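Given the structure is predicted, the values throughout are model-derived calculations rather than measurements.
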Amino acid sequence: MERGSLRFPVLARIPEMFIHGGLLDDSSDSIILPYMQEWQELYSPCFWMGTFALIQLIFIMSILVQFLFKKIRGWRQRLKTATPESNKQHQEHKITDIKLGLSYEACKACCLLILATHVVRAVFPQLHERISDCKYPPFIICEGLQVLSWLILSLAVFSFQKTNSAKLPLIIRSWWIFNFLQSVTIVVIDLRSILTVNEDIGFEEGIDLFMLVVCTYLFAISARGKTGITFTDSNITEPLLSSSVGQQGEAKRPCPYGRASILGLVTFSWMNPVFAIGYKKPLEKNDVPDVDGKDSAEFLSDSFKEIIDDVERRHGLSTSSIYRAMFLFMRRKAMINAGFAVLSASASYVGPSLINDLVKFLGGERQYGLRRGYILAVTFLSAKVVETIAQRQWIFGARQLGMRLRAALISHIYQKGLRLSCSSRQKHTSGEIINYMSVDIQRITDVIWYTNYIWMLPIQLSLAVYVLHQNLGIGAWAGLAATLAIMACNIPLTRMQKRLQSKIMVAKDNRMKATTEVLRSMKILKLQAWDMKYLQKLEALRGEEYNWLWRSVRLSALTTFIFWGSPAFISSITFGSCILMGIPLTAGTVLSALATFRMLQDPIFTLPDLLSVFAQGKVSADRVAKYLEEEELKCDAVIEVPRNDTDYDVEIDHGIFSWELETTSPTLTDVDLKVKRGMKVAICGMVGSGKSSILSCILGEMPKLDGTVKVSGSKAYVPQTAWILSGNIRENILFGNPYNKEKYEKIIQACALTKDFELFANGDLTEIGERGINMSGGQKQRIQIARSVYEDADIYLFDDPFSAVDAHTGSQLFKDCVMGILKDKTVLYVTHQVEFLPAADLILVMQDGKIVQKGKFDELLQQNIGFEAIVGAHSQALESVMNAESSSRILSDNQISADSEDELDTENEVDDQLQGITKQESAHDVSQDISEKGRLTQEEEREKGGIGKKVYWAYLRAVHGGALVPVTIAAQSFFQIFQVASNYWMAWASPPTSAATPMVGLGLLFSVYIALSMGSALCVLARSLLVSLIGLLTSEKFFKNMLHCILRAPMSFFDSTPTGRILNRASNDQSVLDLEIANKLGWCVFSIIQILGTIGVMSQVAWPVFAIFIPVTVVCFLCQRYYIPTARELARLSQIQRAPILHHFAESLAGASSIRAYGQKDRFRKANLGLVDNHSRPWFHNISSMEWLSFRLNMLSNFVFAFSLTLLVSLPEGFINPSIAGLAVTYALNLNSQLASIIWNICNTENKMISVERIMQYSRIPSEAPLIVDHYRPPNSWPEAGTINIRSLEVRYAEHLPSVLRNISCTIPGRKKVGIVGRTGSGKSTFIQALFRIVEPREGTIEIDSVDICKIGLHDLRGRLSIIPQDPTMFEGTVRGNLDPLNEYSDCRVWEILDKCQLGGIVRQSPKKLDSTVVENGENWSVGQRQLFCLGRVLLKRSNVLVLDEATASVDSSTDAIIQETIREEFGNCTVLTIAHRIHTVIDSDLILVFSEGRIIEYDTPSKLLENESSEFSRLIKEYSRRSHGFSGTTYN
């Protein structure tokens, strides 16, 4: 195959030479005749007969050598392995079902037909009319060799079904390709003979044509490479099919491409069923067929992995080896594409080479009558048909290959993400890796498309020089020099473009990184009133990107000017050289040269794009390769020991571990640990002492510097920060395991989730938002714990999950899970809650990365070293609770229980009709009603039907009201007018023949042409600059609108919208607006102007063409209308299906450690492959639909061209000016591409406009309330006292959902501490959100110091309140930037605050001090330290109203006590609202607010509430006391 493809261009030129030799007359003034006479031997049938005989002999010898070699090898193998077992295996293997396809039967028939033809010729040589010039014996030998070779071929084809050959052997494929080329050559010789001697087509010529048809079919089969035989092993497939036939039938969507015939593949008719559905109704996801098996992500991923593993073994892993792997992955399909591309390029030059002959024919040289004209017309048409078929095939093949490479790279990048080491992960943020997947891979696949131009450019240039040399002699070399000079201009331009692309990608990475961080931290930004500050940061990053984009598009405009002006420049140089050298210019030679220059425009115009795409692709490929080279987690970090070989589940011997490999102070040192099977090991210590790191080294996450880690059994891991996947709750708990109802219900009960499920709209099938955003912290942790318990692992690693739940729930979880269901399992749990320590078999006390104490609880107390600090802090907290409880009991003896009821309770009576609804029901989509209750994240919004005119209108009018658009159209119109005028001038002014007298002088001829050419060049420069300017200004305006709308959107929008959807618009769709849309829209208009110019020229000589052109145009537009509905929906589906890939990848990266711990890498890999296939399906069928349309439009254009030529040839001699007729044909040669270009550009633009439509969707998001209300601004000192008055407050998350807070009324006195308690999901966090207006009240009012917070601006409200949120958030940057992002405070003040929140010492240890690095999401700081940073923020801000939302959940009791003391000191005169799970943090509050099911059920002082033993607060205190009772006894003893 490869050999045939490489020789094809050479042989393609020979037929053209024969055509020229046949079509040119024998008159003395023929340009080419002397040249042809030198090569007369080439036209002799005898010469080719001998050549073919020699090649036949080589083929037969090759077959015989191969046959003998196989026989010898077979005999050797039989001698070595002649055993009964091997024979038995061979027999078993032979039991297969053989299916003989239609293509195989046709191959057999073709071989027999050709064999029979050669036998008849050999037996009856007198039938061969032209052998009179040849010697008789060579003819007989030649036919004999043909008979022998086709006999061998027939036997080989018949043996395929015996030898189980599904693929064609390379030698047979090569032979069939050679026979096709041989048939083409023979037909060309026949054609020359007919034209030369003016004879009719005889029997022999008919046989040759028949042989060409048969050989063409065999050529197509050899290009496909399959025999048409399929083998099915019944032993393997039957059980599989019978077990899951139901499932397969439901999910399988048959792929019409995989089953298409050769004719179907050529005409793309296999797409007809998809169009039939798409025309009747908007296509849905399930209407789109599957991709073929060879295009499936799993097949491609496995193939690429095999190749890259093999390359890595041979050459190591480097950038060059990844390039090598890509090449090996693509090479076979790329070679087939290259063959079609070269054929298309070769066929495109047949037309220009024949124009001179056509002009001569029309000028009166008709020695052979009209037949010569018709033969010319047929040759023109045949070349256009071949060009169309070859062009459509290589374009489709290139896109298909790009899709394959994209699928392979995405899956490889995804799998790499799951294996990255910690240090590697810190080098590449989520935003960067998302860019690799979306932008960089797209640019790499663009290179695949342009690669074919590497083969086409030299062919096009060579043929252009050949055609020019035919017409202009040595003047052609001047044209070549001008072409090469223009191409040389690309070198500096491309280097500049490459540098700019690198800068653009870096700027884009920075913007996407910041955007990802802002979206992830949106809640804290709104609570702190920092959203506008970060909006400015994003705009500044975009500004940097815009500057580089502006430079890039200006350079592109310059490039466009140079290369649109290049045909005029080259023609000027060429014609000027001819005039200087005295070479005669006739109308025929000028028109042929002009047509050639127009053809040269394609390679010249493509070259800058080619170099630019290669520059971009190189940058992107280097980035991806660098990422794929990154260090992975070491497989040998943890030694897996079989369960039977040891009694220890975890063993660490002299372990030294560090997150940073090159460091003098490791994270963990001298770790020695042995955990027996079934032990419960508690790990405690101060914040940042290395507790979580111990679990990381057991999981193999932390790099090991020394020592050994041995683990025996499967692991389950619960991280400190809950990792929840999008989907429903049950999917999160099952985590890929089969559903067992009994086991599931038991675990749900143990994890205290039963009540939550009862409150949820859809129970455990309620959908969870992105990152569990619509769940409370406690609910997320309990779902995580349930997931780990359901896994039924051997070893459980809990990283302080109990801190996120309230006291009662934590106690139940510990009792029912750790000490209940998991009583026989090995459990290592990090905890800050000392009450969970006595139950442990072993307690590890961590300090500064070392295990400073280990033992049981009683033993550690007696040692009296570091453990006492932790215990002492807890003792004090417990003592305060017990004192409060005991004092309230004394008071309760003297009071009537009725008095303990708060008067406000009467306002909050239970409404039996209202069901308790918790935060998870915040399903919020303000634009439409949700039919499915409990569903939060909706299917991505997708417009249906045509792209509205409003979208186009909005885009065109975005800049200066659209004033520049008419100017741009005028510039293009003048360019077209000048270009047509210059060509018309050359055709009209040049003499018809060299003997005729010129109508004007050569000086005037050339001067006018130069002037018109310069005018066209200046117009194209103006047009290029205008399009670049309009495009970039418009994209910038759209970007800013979208960014402002997103950052001003209410929090409910972010709750219900996955980040991937927003990032997809900010990354992919924005790139389309930046660089593509303006050019696409421009081309729609420019191609219409071009075709109007062509029609204008053609109408000069062949006005009847309109009679056929108009109906053909109507048919074209009917085709387009049939095509558009399907293609548009496929494009939309393709866009929508890209976001889930990015979203799933972002989720997987966030939970990579959990995925690895559970051993679920393979399941997540398959999920990724499934998502890639979901995207590939609509994308592949979309590009196929484009080719379906393009093929039909090209064929219709060819029909118009054929009609025009036939009309011109049939007109009487002298009826038309041959020069102008030649000009018309010159333009008509591009008619098919121009007509296709109009429809193609309209369709392509409509597909690209989907990006504008999608960005406009996010530019219409309903906004939050105003940030500042000028006429209602609070005083600068507000709030002073901090009195909060709440009246009849009712809050719901969406209009269609029930209320979460119902009829809340209370007054919180100023400068008081108020504790807010309640079970998980009782409405505590919603109350805080209402206070900050994250959720707007539906009814009622909240007043702070008599100011209604709903009437003032959001920034005036949020900027005057402070909050420490439940989930500590940090931003990438520095320590100072995290504490004071607005840069409002001095360094001294920042240091003072750091000391107060126990972080001063740690920050001083860093050499960068306040500029110490904070990585993405604060991953290089522990969760406890992050919480302390949040405390630091509020200490800096010093508001008079402070909210603590479970602020100390992630710190130990000792640090908690320090924080509480700091808050008492710093906020003594402030209103402090504290939501807490640790009762001791609110026991000393002035007032206690108790929530239950969205209502306030108790509100009074702690002492009064404790007097009533039946109160909810009393029950919570008793639970806390009881849980700590055993521990407290030990303490006081």
Side-chain angles (χ1 to χ4, degrees), residues 504 507-508 511 515 535-536 538-554 556-557 560 941 943 945-973 1022-1049 1062 1064-1089 1128 1131-1132 1135 1241-1263:
I504 289 169
K508 191 181 184 71
R511 175 173 66 83
T515 306
L535 170 67
Q536 290 167 12
L538 289 177
E539 285 183 334
L541 289 168
R542 170 65 183 179
E544 188 182 339
E545 183 187 7
Y546 178 84
N547 288 335
W548 293 117
L549 280 167
W550 177 225
R551 292 185 190 184
S552 178
V553 296
R554 275 188 302 181
S556 297
T560 306
E941 186 182 347
E943 305 283 351
I947 304 287
K949 290 177 184 174
K950 287 181 180 177
V951 177
Y952 288 98
W953 197 237
Y955 184 85
L956 291 172
R957 295 193 62 191
V959 178
H960 304 305
L964 294 176
V965 174
V967 181
T968 311
I969 293 171
Q972 177 65 23
S973 301
R1023 185 261 286 174
S1024 303
L1025 286 170
L1026 283 167
V1027 169
S1028 300
L1029 179 68
I1030 293 169
L1032 204 52
L1033 288 174
T1034 305
S1035 77
E1036 186 66 6
K1037 189 169 182 178
F1038 271 84
F1039 175 80
K1040 284 186 175 174
N1041 287 346
M1042 178 178 70
L1043 188 64
H1044 278 258
C1045 276
I1046 289 171
L1047 276 131
R1048 292 284 293 114
I1062 304 172
N1064 204 11
R1065 282 165 171 82
S1067 176
N1068 253 340
D1069 292 320
Q1070 189 59 43
S1071 281
V1072 171
L1073 256 76
D1074 286 341
L1075 299 168
E1076 292 187 49
I1077 289 281
N1079 287 323
K1080 300 288 180 195
L1081 269 172
W1083 270 107
C1084 282
V1085 179
F1086 306 156
S1087 52
I1088 290 169
I1089 293 170
R1128 184 175 51 232
R1132 282 176 175 152
Q1135 293 263 23
N1241 282 315
I1242 290 170
C1243 299
N1244 205 9
T1245 302
E1246 182 147 12
N1247 290 345
K1248 293 291 181 185
M1249 285 299 287
I1250 291 169
S1251 291
V1252 179
E1253 182 182 71
R1254 282 158 58 83
I1255 283 177
M1256 284 178 68
Q1257 280 174 0
Y1258 278 21
S1259 301
R1260 298 192 298 259
I1261 305 164
S1263 180

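- Remark: Ile1261 pairs with Ile1046, Ala1049, Phe1053, Tyr1258 by the side-chain contact (heavy atoms from CB on, under 4.5 Å) rule, at least two apart or across chains.
- Taking Glu544 as the reference, nothing meets the salt bridge (Lys or Arg N to Asp or Glu O under 4.0 Å) condition, with sequence neighbours excluded.
- Residues passing the side-chain hydrogen bond (donor to acceptor under 3.5 Å, both in side chains) test with Ser552 are Gln497, sequence neighbours excluded.
- A search for side-chain contact (heavy atoms from CB on, under 4.5 Å) contacts involving Leu956 returns Val965, Leu1081, not counting sequence neighbours.
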*asked:* Using side chain to side chain contact (heavy atoms under 4.5 Å, CB included), reason through Leu1073 and Ser1251 one step at a time and then give a plain yes or no.
replied: CA-CA 7 Å; Leu1073 256 76; Ser1251 291; 4.2 Å; yes
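- Partners of Ser1087 under the side-chain hydrogen bond (donor to acceptor under 3.5 Å, both in side chains) rule, at least two apart in sequence or in another chain, do not exist in this structure.
- Judged by distance alone, with hydrogens and angles left aside, the side-chain atoms of Arg1254 form no donor-acceptor pair with the main-chain N or O of Arg1065 at under 3.5 Å.
- When all heavy atoms of Glu1253 and Val951 are compared, the closest pair comes out as N-CG1, 4.1 Å.
- When the salt bridge (Lys or Arg N to Asp or Glu O under 4.0 Å) test is applied to Arg542, the partners found at least two apart in sequence or on another chain are Glu545, Glu1036, Asp1074.
- By the side-chain contact (heavy atoms from CB on, under 4.5 Å) test, Ser1028 pairs with Val553, Ala557, sequence neighbours left out.
- Applying the side-chain contact (heavy atoms from CB on, under 4.5 Å) test to Ala958 and every residue at least two apart in sequence or in another chain returns Thr1034, Lys1037, Phe1038.
- Applying the side-chain hydrogen bond (donor to acceptor under 3.5 Å, both in side chains) criterion to Thr968, with sequence neighbours excluded, gives no partner residue.
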